[in-house]
Amino acid sequence: MAETLKKRNEIPEELKWDTSRIFKDSEDLKANLEKFKKLTDEIEADYKGKLTDADKINECLEKYNQWLIMAEHLINYTNLNVAVDYTNGEAKKEEALAMSTFAMANSRLSFIDSELADAPEMLINEAIKTATVGKCHLQNIEREKPHRLSPETEAAMEALREAFRAPYNIYETSKLADMHFDDFEVNGKKYPLGYSLFEDNYEYEKDTEVRRAAFKAFSEKLREYMYTTATVYGAHVRTEKINSELRKFDSVFDYLLFGQKVTREMYDRQIDLIMEKLAPHMRKYARLLKEANGLDKMTYADLKIALDPEYDPKVTIEESKKYILDGLKIMGSEYIEMLEEAYRERWIDFAQNIGKSTGGFCASPYQKGSYILLSWNDRMSDVFTLAHELGHAGHFKACNASCSAFDVDVSQYVVEAPSTINELFMAEYLKEKYKDDKRFLRWVLSAQISNTYYHNFVTHLLEAAYQREVYKLVDKGEGIPADTLNEIYKNVLKKFWGDEIELTDGCELTWMRQPHYYMGLYSYSYSASLTVATEVMKRIRKEGQPAVDDWKKTLAAGATVTPVEFAKMAGVDVTSDAALLDTIDYIGNIIDDIERLNKELEK
């Protein structure tokens with residue numbers, strides 16, 4: 001049974017990440033805010049209206065690069081302190097101060113890009129030839145020229161950055177601070193409920209009555225916030241639509257994909273092929289789950305359960321270290337050193353506490369190591385989650401070491417490839433290590449489906465298919481009230497699962513659970529990244545060190561390459577259907593192997 005969550009101050013220090021690696025304390029934060037303001041003043045005084053020759057441009061960009069690093073440290077420090085406890089009033093005050101300071105400073109320095117956009121192409125090309133840190137930034141300025149607004153408008157837009165971010169902040173605050181769940185009861189026994197308790201525990205609960213009751217209680221609480229959440233989300237997507245029109249994009253899709261450097265064809269292919277080709281494989285897996293768990297029917301609340309409910313390998317935090325080091329040693333000694341540092345220097349927040357953000361993420365403030373958020377449940381599946389987030393850490397350690405601050409904002413289309421490939425490496429390692437243990441082998445294969453591929457190729461992809469329908473309405477200027485959002489999401493589920501799954505009440509509210517909707521077209525990119533990761537993993541398994549070396553070079557390239565170039569460096573072509581179809585076949589083969597092992601274990 002899930003336990004009641006503790007307050008943050010009741011959590012042992014060794015289970016928390018250490019943000020003092022960025023700033024020692026609040027006083028250090030305040031001192032750096034003052035330094036940040038001073039640097040803003042200097043850049044504005046020294047360069048505004050003076051970017052008239054290549055040397056001056058590059059001198060300015062070198063200072064601007066320092067400013068970006070400082071901004072990233074300020075934002076990450078305050079965001080991270082809030083993420084682990086949304087009930088912490090002091091942390092929220094510091095975050096608000098940092099964000100407002102950044103927004104105003106960013107507005108004042110918006111002249112840089114505006115002046116560069118107005119500069120003659122010959123001058124920009126000359127600056128590119130001698131650039132030390134801003135070559136790609138200058139190239140991006142040229143690309144963005146048709147979509148830039150007047151300098152005054154750009155400055156106003158930057159000043160309003162915090163207002164544009166408000167829907168996401170309101171969503172997260174209502175979800176993590178305001179939403180309080182009552183206990184629910186099953187057969188006379190009471191069970192505590194919370195957002196992370198549901199998503200990290202009850203969705204995987206092997207007791208069917210408890211699991212389905214938890215889903216019902218959780219959904220009932222979500223429904224109480226349905227109209228507010230829809231209003232907040234509606235404000236967000238309408239703002240994106242307004243921005244797309246102001247910047248003269250043909251559609252909100254073009255606007256959101258522009259920054260990713262991804263074509264509409266690549267985006268649509270990812271959604272359409274998976275909805276069509278993967279669905280039969282996943283319906284088969286759902287049947288296997290139903291049979292293995294002896295269920296009367298397969299409902300939406302049952303999709304996250306284990307294939308072998310009586311077999312759930314347990315792993316402590318300390319034990320996880322050996323699995324991680326052994327499973328990822330294929331990446332070489334430097335990578336292993338980073339993994340050891342992650343444990344030693346408290347890069348990872350393992351805690352479960354009230355107010356902590358759900359799910360998992362990795363933040364990597366420039367050259368300050370990484371910060372990995374997850375909730376440790378002593379499950380082997382947590383090892384996969386940790387390997388995933390450490391993949392992000394390894395990626396940004398590589399590109400932070402080789403790229404300027406301008407060039408570390410990697411396209412969403414590929415940003416999940418370095419993380420998901422680590423899950424695949426872990427699975428391959430475990431399959432080899434326990435190849436003679438059929439039950440454990442089946443567990444690993446089912447973990448690949450239920451965690452790695454379900455999460456990225458199903459959960460996020462269904463959200464992406466829903467999101468696409470929402471933006472189609474937004475593009476037409478139509479409203480998206482809560483009832484419409486519910487209908488869209490339920491229709492997407494029907495299309496994918498067919499008659500295999502009973503869509504119980506509450507399934508339509510799943511759109512309320514995803515913060516990625518406030519991050520542009522992010523959800524679809526998980527499957528795009530995992531497509532690249534799957535193909536690279538297969539190449540590394542086949543070719544060995546040369547493929548590993550190519551992958552390391554790809555990671556170090558950061559945002560200096562487009563998604564198509566990123567994939568090509570690693571030996572993958574994402575301009576056609578082939579890689580995606582091959583990955584879907586790979587998923588189907590895993591499910592076939594699970595079915596085969598089921599029969600062998602039944603004998």
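Note: hydrogens, waters and symmetry copies are ignored here, and every other heavy atom, side chains too, is used.
Remark: Lys261 engages Asn140, Arg143, Thr562, Pro563 in a side-chain contact (heavy atoms from CB on, under 4.5 Å) (not counting sequence neighbours). Listed by chain and residue number, Phe384, His388, Thr420, Thr452, Asn456 satisfy the side-chain contact (heavy atoms from CB on, under 4.5 Å) test with Glu423 (two or more places apart in sequence, or in another chain). For His73, the side-chain contact (heavy atoms from CB on, under 4.5 Å) test picks out Ile22, Phe23, Ile69, Pro365, Tyr366, Lys368, with sequence neighbours left out. By the side-chain contact (heavy atoms from CB on, under 4.5 Å) test, Thr560 is found to be paired with Cys136, Cys403, Asp407, Ala557, residues two or more places apart in sequence or in another chain being considered.
With a 6.0 Å radius and a threshold of 12 heavy atoms from other residues, nucleotides or ligands, Lys542 has its NZ atom at or below the threshold. Residue Glu318 qualifies as open at atom CD: its count of foreign heavy atoms under 6.0 Å is 12 or below.
Taking 4.5 Å as the limit, some side-chain heavy atom of Tyr267 sits within range of a side-chain heavy atom of Arg468. Phe198 is listed as a side-chain neighbour of Arg513, based on a closest heavy-atom distance under 4.5 Å. Contact of the Ile170 side chain with the Tyr518 side chain is not registered, since no non-hydrogen atoms from C-beta on lie closer than 4.5 Å. Between Met298 and Leu303 there is a side-chain heavy-atom pair separated by less than 4.5 Å. Taking the side chain as every heavy atom from C-beta outward, His516 and Tyr526 approach each other to under 4.5 Å. Between Asp437 and Trp443, the closest side-chain pair of non-hydrogen atoms is not below 4.5 Å. Side-chain contact check for Asp308 versus Ser446: every heavy-atom pair is 4.5 Å or farther apart.
Between Trp17 and Phe361, the angle of the ring planes lies from 30° to 60°, which puts this pair in the tilted group. Ring pair Phe215/Tyr300 is perpendicular by interplanar angle, where above 60° counts as perpendicular and below 30° as parallel. Ring planes of Phe350 and Tyr343: tilted class, angle from 30 to 60°. Between Tyr517 and Tyr233, the two ring planes are tilted [angle within 30° to 60°]. Phe440 and Tyr434 have tilted rings, their planes meeting at an angle from 30° to 60° on a 0 to 90° scale.
Taking a cutoff of 4.0 Å between a charged side-chain nitrogen and a carboxylate oxygen, Lys175 and Glu199 do not qualify as a salt bridge. Ion pairing of Glu345 with Arg21 is absent here, as no side-chain N (NZ or NE/NH1/NH2) approaches a carboxylate O to less than 4.0 Å. Between Arg379 and Asp200 there is no salt bridge, since none of the side-chain N atoms of the basic residue sits less than 4.0 Å from a carboxylate O of the acidic one. Taking a cutoff of 4.0 Å between a charged side-chain nitrogen and a carboxylate oxygen, Lys538 and Asp582 qualify as a salt bridge. Note on Glu13 versus Lys16: salt bridge recorded, some NZ/NE/NH1/NH2 to OD/OE distance being below 4.0 Å. Using a 4.0 Å cut-off between a side-chain N of Lys or Arg and a carboxylate O of Asp or Glu, Glu428 and Lys431 qualify as a salt bridge. A salt bridge does not link Glu500 with Lys284: every distance from a Lys NZ or Arg NE/NH1/NH2 to an Asp or Glu carboxylate oxygen is 4.0 Å or more. Under a 4.0 Å N-O distance rule, the pair Lys290/Asp302 does not qualify as a salt bridge.
The two atoms that bring Leu521 and Gln260 nearest to each other are O-NE2, 2.6 Å, heavy atoms only. Leu509 approaches Ser219 most closely through the heavy-atom pair CD1-O, 3.5 Å. Here the closest heavy-atom approach between residue Ala417 and residue Phe566 is recorded as CB-CE2, 4.4 Å. Nearest heavy atom pair, residue Ala567 against residue Val532, reads CB-CG2, 4.3 Å.
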Check: Would Asp326 and Lys433 count as a salt bridge (charged side-chain N to carboxylate O under 4.0 Å, His left out) if you check the C-alpha gap in whole Å, the side-chain angles of each, and the deciding distance to 0.1 Å?
Finding: CA-CA 10 Å; Asp326 288 347; Lys433 182 177 175 66; 5.6 Å; no

Item checked: Evaluation steps, ring pair (Phe, Tyr, Trp, His ring centres under 6.0 Å), between Trp511 and Tyr489 -> CA-CA 7 Å; Trp511 63 268; Tyr489 204 92; 8.5 Å; no

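For an aromatic pair to be called close, the ring centres must be under 6.0 Å apart, and Tyr171 with His236 fails this. Aromatic rings of Phe218 and Tyr195 (six-membered ring for Trp) have centroids within the 6.0 Å cut-off, being under it.
Side chain of Gln270 to backbone of Ser527: a donor-acceptor contact under 3.5 angstrom is found. Although no hydrogens or angles enter the test, the distance criterion places a donor-acceptor pair under 3.5 Å between the side chain of Ser402 and the main chain of Ala398.
Residue pairs meeting the salt bridge (charged side-chain N to carboxylate O under 4.0 Å, His left out) criterion with at least one partner in residues 548-563, sequence neighbours excluded, are Arg539-Asp550. A side-chain hydrogen bond (donor to acceptor under 3.5 Å, both in side chains) check over residues 329-342, counting only residues at least two apart or in different chains, returns the pairs Tyr335-Asn422.
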